[in-house]
Amino acid sequence: MINQLEEIKSRAQSELEHIKDTIGLETWRVRYLGKKSDLTQVLRGLAELSIDEKKSVGMAANQLKLLLEDIFKQREKALQETRILSTAAKESVDITLPGRRPPIGHLHPITQTIEEICDIFSSMGFQIMAGPEVELEYFNFDALNISAGHPSRDNMSSSWIDQSDNTGKKSMLLRTHCTSNSARAIAKLKPPVRVLTPGKVYRYEASDATHTSMFHQFDGIVVDKHVTMADLKGTLYEFVQRFFGENRKARFRCDFFPFVEPGVELAIECAVCKGRGCSLCHNTGWIEVGGAGMTHPEVLRQAGLDPGEYQSFAFGIGIERLPMLRYGIDDIRLFYGGDLRFLRQF
Amino acid sequence: MKVSVKWLKDYVDISISAVDLANRLTMAGNEVASVKVQGANWGNVFVGKLVAINPHPNADRLRLATVDLGQEQHAVVCGAPNLTLGDNICFATLGAELLDGHTGQMIKLKPAKIRGVESKGMVCSEMELGLSKNHEEILVLAADAPLGMPLSEYMGDAVIDLEVTPNRPDCLSVIGIARETAALTGQKVHVASVNYAENESLVEKKIAVEIQSPDLCSRYSASLITGIKIKPSPKWMHDRLIACGMRPINNIVDISNYVMLEYGQPLHTFDYDKIVGQKIIVRRASENETITSLDGVERKLNSRMLVICDAARAVAIAGVMGGANSEVTDQTVNILLEAASFKPACIYITGNTLGLSSESRYRFERGISAEMTVPALKRATQLIVELGEGLAAKGYIDVYPGKQAMKSVELACSRVKSMLGIEISLDGIIAALQGLGIECQIVSGDKIKAVPPYWRSDIKIEADLIEEVARVIGYDMIPLTLLAEPLPHLTPDPIFDLIKNIRRGLTANGFNEVLNFSLVGLDTLQKLDPDRAPITDLPVRVANPMTADMEYLRTTFRANLLNIYAANRRFETGSIRLFETGKIYLKCKNDLPDERETFCAVMGGLRYTESWQNNDQKLDFYDIKGIAEGLLQRLGLNPVFVKAQDKGLHANKQADIYLSKTRIGVLGEFHPKVALAFDIFEPVYLLEIDLKTLVSFSTVEKNYKPVPKFPAIVRDMALIIDAGITHQQVQTIIRGFPLVEQVDIFDVYSGEQVMAGKKSLAYRISFRSAEHTLTDEEVNQVFLDILNRLTSELGAVLRS
């Protein structure tokens with residue numbers, strides 16, 4: 001019996017070495033490891049043997065089975081490798097043909113800018129908020145120290161909401177600035193407050209290359225006990241440098257807005273002429289990007305805050321101008337035209 | 001406000017350049033829009049006198065002019081027709097840079113031989129000096145022009161154009177800017193005292209003034225000048241008015257404009273002889289009272305407006321425009337001069353209602369100190385006496401019912417530091433304020449009592465004083481610090497994250513984001529209805545729309561997106577995928593509209609990016625549905641789709657999207673009539689989701705489920721079923737069985753292989769138990785049970 005096993009072993013090994021394909025391999029497997037194989041016959045015959053023989057032959061037969069299984073797997077793997085490698089060796093592509101692209105969409109440049117702004121101010125502890133675009137006259141003007149008849153109302157020509165079919169007659173308009181939401185925020189939240197409101201604002205204004213009747217702004221307000229104008233300057237300069245780069249110069253000059261005192265205009269150095277003066281910056285070397293200042297005590301009072309206890313600063317910056325300056329876009333209307341040839345560039 | 005630097009120098013010494021001055025003024029609050037320097041390149045041009053004119057030996061049209069520059073004389077060839085002996089002229093010596101009259105180029109003057117005569121210099125025309133286009137005649141200077149003086153010194157000037165902020169009406173004047181200049185450069189303002197001769201007749205005998213509406217007119221001052229001559233004003237006044245952007249008319253009009261520019265106080269001149277009854281009454285207009293204003297237009301007034309009247313009728317709309325009936329004309333000999341103070345809001349309403357803008361209105365509505373009337377009145381009276389050769393009546397009228405003492409403002413100097421973040425000494429603060437004319441008195445310790453000068457009525461509170469200190473010291477001096485206080489508690493609004501997530505999901509699927517105006521026209525909205533029925537439930541309307549297509553707040557994004565789709569289709573051949581996120585505005589009775597964060601996506605055209613592999617499959621309903629499923633899956637949500645009835649969509653290709661029992665949106669193909677209305681000739685698909693509703697689902701906390709321990713057994717089940725049965729009916733039944741983990745449809749077929757009216761659906765069902773490894777027997781049993789249920793309930797049979 002042992003001899004028979006030896007014979008099976010050598011026969012199986014030599015046959016296996018000559019097998020070149022999967023069909024041959026399967027034939028081999030059936031022949032040597034299948035239910036009707038010689039080895040199975042040997043194992044079946046064990047019952048007729050003496051106990052000692054059973055032990056020795058049984059052990060040898062099982063060892064042979066393990067061996068055959070092992071060499072089968074090795075051979076199977078080797079054949080598989082050969083097959084894959086030979087196929088691979090034959091394959092080739094023209095790597096200069098364009099790839100199979102999934103469609104790629106683009107976020108609007110204004111969205112990208114707003115997200116960047118929000119990231120910068122979030123990292124300085126500001127909470128991002130939204131507020132109504134159709135706003136009460138109170139929050140857009142009165143709460144901001146802009147009473148009726150104030151010339152500043154003229155500077156922000158407004159689109160008023162037709163109330164002819166409403167009986168309540170709460171005067172409403174399309175907000176002319178996001179500052180209205182800053183007024184809401186400080187009336188609602190308990191100090192300390194750091195809030196940033198990005199969003200759409202509206203003016204009654206004809207469109208041209210630098211104006212549209214709807215555009216975007218972000219407005220920030222900070223209320224705490226020891227907030228200073230130096231903090232305001234630091235915060236806005238930090239923003240300018242993070243948005244436009246470390247080397248971009250910013251300028252703080254006195255300006256007037258009814259809801260701040262002292263008031264500030266923030267400008268950045270003109271990128272085209274590097275401050276020397278050109279047509280873009282009207283020969284001033286600077287481009288205005290927004291207004292800011294220490295929140296007017298009357299605005300704090302309107303929000304129920306004691307200006308003797310709390311100090312506050314606020315700022316409002318136009319958004320469209322930022323990507324226009326960054327990318328050299330010369331017509332604001334492109335943002336609202338929906339032209340894919342424009343939008344895909346960002 | 002345009003101001004000539006030369007004029008400014010009448011009141012303040014300026015040692016810095018016009019550009020530097022402009023920069024200081026800008027930094028301190030009054031932005032300079034432009035600086036125009038006249039005579040910047042007038043080097044080598046001097047004031048000269050024509051002392052001899054001789055004929056040119058070789059040319060009839062040319063003459064030889066001898067010019068005296070005081071120290072020296074030059075003989076040059078000149079062709080101008082207006083050479084007159086004794087005139088003062090502008091003479092350019094060699095090296096001067098002039099504009100060539102023929103080429104318009106700048107040239108450097110060189111010696112030249114003209115028709116055989118050597119000429120070293122030139123008598124200049126206005127064009128050569130860059131003053132005008134006049135090249136024919138030479139520029140003749142005033143007789144008192146000092147010989148030999150560089151022209152840049154004699155005629156050079158710089159005009160600074162300031163954008164004065166609304167809080168600083170005092171800066172709408174030359175003296176006001178001079179005060180700013182003085183404060184910012186450490187100088188003092190000197191205004192010459194005003195003196196003029198008066199005659200014996202008392203002004204009170206000639207005119208009486210009564211203010212009937214003291215709430216709208218706090219002061220009315222007037223003077224009378226008799227026997228004046230109307231004529232052109234002198235050149236110096238001409239030049240200054242032109243420099244400041246005003247058109248000279250005659251001496252009287254020019255003087256009132258000149259003094260308005262100088263002091264900031266608007267004045268009005270009446271022809272005294274046209275004033276009925278020697279009386280001026282200041283009162284509210286009566287309803288529907290009319291007056292013909294100076295521009296010849298009849299104006300209808302109301303009782304919110306103020307008028308200046310004589311004994312019989314209105315003679316001027318107070319502060320806005322005079323009346324034609326009392327106008328000063330060439331025949332006028334006696335002038336009644338008015339300097340008054342009117343309530344800004346009244347002037348604003350009047351000007352706005354009448355649609356009238358004027359320099360006078362502009363100043364009054366910004367609020368001019370009532371204290372200004374008399375100084376300006378006296379100055380104008382003086383000029384009319386001098387330049388109009390008139391006689392002033394003795395004294396002036398001054399009715400001043402609204403006199404108010406300047407209120408003092410307290411400033412705690414410690415507040416300067418706590419506000420600005422910079423330490424400024426008490427002396428520094430006081431010096432800065434005093435430089436602006438603010439009287440300061442130390443009350444106690446670091447407290448100052450400050451009394452602003454009368455022209456600074458904008459200074460009312462402590463913060464105003466702090467700004468004054470900051471702008472005099474210079475905003476440049478404020479250091480940069482970052483907020484040092486503890487971070488506030490934040491409660492971020494989850495909608496921002498949701499929007500961000502949706503946007504990322506859409507761009508990953510090839511959608512491009514667009515932005516549209518929130519306002520639309522009714523016409524455009526109507527196109528979204530295939531029947532074009534009139535819109536009865538009107539959206540929120542703007543009372544003063546810019547245009548008809550910007551009249552209503554949008555209630556949907558569809559119209560804008562379809563417009564953009566069509567516009568892009570003109571040049572895009574592949575797929576167009578667009579989306580917008582933002583708000584729609586729904587009307588609420590007596591309240592602000594409901595602003596709902598929404599997103600809307602549209603797509604159409606090819607399914608795959610165009611490529612050399614030539615795959616020209618078109619997008620269909622299942623693409624937009626897949627996008628919706630994918631987006632919601634990103635959020636961990638399982639939507640249910642229910643047949644919908646949106647009028648604007650294809651009747652058989654639309655579905656409402658539900659999360660449990662809540663409808664969150666809709667998807668489907670646009671109704672072809674709607675697409676056609678927007679000039680789109682292919683199927684376009686829509687996905688629209690209300691984010692305000694979605695956010696309550698997307699924020700539900702997720703719970704971890706263990707990864708399966710035991711293997712799944714997968715079986716395929718191909719069914720023949722009635723064509724009218726939906727996938728969802730089948731799927732719901734299969735899902736109801738135990739051990740069923742997942743059901744996926746992998747084939748839908750109808751055609752030759754199956755009977756008419758039937759279709760084949762093939763499912764892959766995955767079975768799994770959380771407790772043990774399933775046996776074939778267990779799975780076979782469930783498989784049979786499922787099949788039986790499908791047969792009994794839906795009439796399905798296994799496809800063989």
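First the proteins, then the strands, lettered A, B, ... as listed; each starts at 1.
Between B:F579 and B:F599, the distance from one ring center to the other does not fall under 6.0 angstrom.
Only the backbone of A:P102 comes within contact range of chain B, with at least one heavy atom under 4.5 Å from a heavy atom of that chain. With a 4.5 angstrom heavy-atom cutoff, A:I128 touches chain B via backbone and side-chain atoms both. Using a 4.5 Å cut-off between heavy atoms, A:N283 makes no contact with chain B at all. Contact annotation for A:Y202: only side-chain heavy atoms (C-beta onward) come within less than 4.5 Å of a heavy atom of chain B. Of the two parts of B:I495, neither the backbone nor the side chain holds a non-hydrogen atom closer than 4.5 Å to a non-hydrogen atom of chain A. Contacts of A:P109 with chain B are absent, with no heavy-atom separation under 4.5 Å from either backbone or side chain. Only the backbone of A:V193 comes within contact range of chain B, judged by heavy atoms closer than 4.5 Å. Neither the backbone nor the side chain of A:E298 comes within contact range of chain B, judged by heavy atoms closer than 4.5 Å. Interface remark: B:R541 contributes backbone and side-chain atoms alike to the contact with chain A (heavy atom separation under 4.5 Å). Within the 4.5 angstrom heavy-atom criterion, no atom of B:D458 approaches chain A. At a 4.5 Å heavy-atom cutoff, the contact between A:E261 and chain B is made by backbone and side-chain atoms alike. Neither the backbone nor the side chain of B:R168 has a heavy atom closer than 4.5 Å to any heavy atom of chain A. The part of B:L519 that comes within reach of chain A is its side chain, from C-beta onward, which places non-hydrogen atoms under 4.5 angstrom from that chain. Heavy atoms closer than 4.5 Å to chain A are found in both the backbone and the side chain of B:F517. Heavy-atom distances place the backbone of B:N30, and not its side chain, under 4.5 Å from chain A. Neither the backbone nor the side chain of A:K190 comes within less than 4.5 Å of any heavy atom of chain B. Contact of A:T212 with chain B is made through the side chain alone, with heavy-atom distances under 4.5 Å. Contact annotation for B:P479: both backbone and side-chain heavy atoms come within less than 4.5 Å of a heavy atom of chain A.
With a 4.5 Å cut-off on side-chain heavy atoms, A:I221 and A:R194 do not count as touching.
A:F252 and B:Y475 have tilted rings, their planes meeting at an angle from 30° to 60° on a 0 to 90° scale. A:F313 and A:F315 have tilted rings, their planes meeting at an angle from 30° to 60° on a 0 to 90° scale.
Using a 3.5 Å distance cut-off with no hydrogens or angles, the side chains of B:E31 and B:T26 do not pair a donor with an acceptor.
Annotation for B:R504: atom CZ counts as buried by contact number, over 12 foreign heavy atoms lying within 6.0 Å. Heavy-atom neighbours of A:R101 CZ from other residues, nucleotides or ligands within 6.0 Å: at or below the threshold of 12. In this structure, B:K417 places its NZ atom where only 12 or fewer heavy-atom neighbours from other residues, nucleotides or ligands lie under 6.0 Å away. No more than 12 heavy atoms of other residues, nucleotides or ligands lie within 6.0 Å of CZ in A:R100, so this atom counts as exposed by the packing criterion.
Remark: side-chain polar atoms of A:T228 are paired, donor with acceptor, to backbone N or O of A:D231 under 3.5 angstrom. B:R577 places a side-chain N or O within 3.5 Å of a backbone atom of B:N509 that can act as its donor or acceptor partner.
Of the residues considered (B:G421, B:P488, B:A22), B:P488 shows the highest number of contacts with chain A, using heavy-atom pairs under 4.5 Å. The residue among B:V514, B:V540, B:I349, B:T507 with the most heavy atom pairs within less than 4.5 Å of chain A is B:T507. Ranked by non-hydrogen atom pairs under 4.5 Å with chain A, the options B:T547, B:N516, B:T491, B:V19 are led by B:T491. Chain A forms more heavy-atom pairs under 4.5 Å with one residue of B:N563, B:L487, B:I576, B:V542 than with any other, namely B:V542. Of the residues considered (B:N167, B:L482, B:L490, B:T609), B:N167 shows the highest number of contacts with chain A, using heavy-atom pairs under 4.5 Å. Between chain A and the residues B:I564, B:I478, B:T165, the most heavy-atom pairs under 4.5 angstrom are made by B:I478.
Cation-pi geometry between B:R554 and B:F557 is met: under 6.0 angstrom from the ring centre, within 45 degrees of the axis. Cation-pi contact between A:R341 and B:F571: present, with separation from the ring centre below 6.0 Å and deviation from the ring axis of at most 45°. A cation-pi arrangement, defined by a distance under 6.0 Å to the six-membered ring centre and an angle within 45 degrees of its axis, is absent between A:R333 and A:F335.
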